[in-house]
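Have a look at the structure below, then the notes.
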Amino acid sequence: MARKRRYWLLKSEPSAFSFEDLLASPKKTTLWDGVRNYQARNMLRDDLQPGDGILFYHSNAKPPGVVGVAEVVCAGYPDPTQFDPSDGHFDPKSDPLNPRWFVVDVRARGALTELLSLETLKGVSKLDEMALLQRGQRLSVQPVSPAEWREVLRLGGRKDLV
DNA sequence: GCCAACGTTGGC
DNA sequence: GCCAACGTTGGC
């Protein structure tokens with residue numbers, strides 16, 4: 001039996017890479033590079049699988065919030081930017097034979113009908129346990145439960161993308 | 001292995 | 001720009 005589909009929240013600063021940028025990318029797809037946190041790396045490398053659902057979150061935005069829905073296209077593979085000295089994410093300590101950092105490819109499915117702000121999400125009791133809303137969390141890759149996924153898409157007016 | 005200093009994230 | 005909450009680094 002196939003593995004159950006899982007759900008994730010990915011954060012991006014829209015000034016660096018926005019959901020609109022993803023929609024405008026070839027095949028609405030890009031590699032999710034530049035993650036340099038081990039917990040987030042472990043999820044990219046081990047847990048995200050093709051077909052998994054993604055909530056696209058804008059951090060450091062006005063206001064911050066979930067803006068769109070995407071999906072995982074392929075399982076984790078080494079982040080090419082770690083080996084590129086001209087890239088801001090270059091990591092001279094990473095061994096090409098034993099890469100330290102990983103990416104997945106993600107493809108946009110569609111924007112929410114309107115931005116679901118962090119403030120709005122905080123007011124939804126069904127989302128009390130959501131990783132995003134827990135004190136002190138900063139991970140740029142976070143798990144989302146099936147119930148949270150359904151609720152966010154319902155609030156975002158995109159039940160068609162559940 | 002401890003922990004102080006430093007760096008980063010990200011809401012506000 | 002502030003700063004809380006982490007994560008990382010490096011001396012010991």
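Every chain is numbered from 1 and lettered A, B, ... according to where its sequence line falls, protein lines coming before strand lines.
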side-chain contact (heavy atoms from CB on, under 4.5 Å) partners for R107(A), two or more places apart: K28(A), T29(A), E71(A), V73(A)
Salt bridge (Lys or Arg N to Asp or Glu O under 4.0 Å) partners of residues 109-136 of chain A, not counting sequence neighbours, each pair once: K126(A)-E151(A)
Residues clustered with W101(A), ILVMFWY side-chain links under 4.5 angstrom: Y38(A)
Residue list, side-chain contact (heavy atoms from CB on, under 4.5 Å) with E20(A), at least two apart or on another chain: S18(A), H58(A)
Residues in ring-ring contact (aromatic ring centres under 6.0 Å, His included) contact with F90(A), at least two apart in sequence or another chain: none
Partners meeting side-chain contact (heavy atoms from CB on, under 4.5 Å) with S12(A) (sequence neighbours left out): F17(A), W32(A), F56(A)
Selection: residues 59-70 of chain A, any non-hydrogen atom under 4.0 Å of DNA chain B: S59(A), N60(A), P64(A)
Of all pairs that satisfy salt bridge (Lys or Arg N to Asp or Glu O under 4.0 Å), the ones with a partner from residues 73-88 of chain A, not counting sequence neighbours: R36(A)-D79(A)
Residues forming a salt bridge (charged side-chain N to carboxylate O under 4.0 Å, His left out) with R158(A), sequence neighbours excluded: D160(A)
Chain A contact limits on DNA chain C, taken 5' to 3' with a cut-off of 4.0 angstrom to heavy atoms: dA5(C) to dT8(C)
Side-chain cluster (under 4.5 Å, hydrophobic types only) that L155(A) belongs to, other residues: Y7(A), L9(A), L55(A), Y57(A), V66(A), V69(A), L112(A), L116(A), L118(A), L121(A), V124(A), L127(A), M130(A), L132(A), L133(A), V144(A), W149(A), V152(A), L153(A), L161(A), V162(A)
Strand contacts (DNA chain C) in residues 30-44 of chain A, 4.0 angstrom heavy-atom criterion: Y38(A), Q39(A)
Any donor-acceptor N/O pair, S94(A) side chain to R100(A) backbone, under 3.5 Å: yes
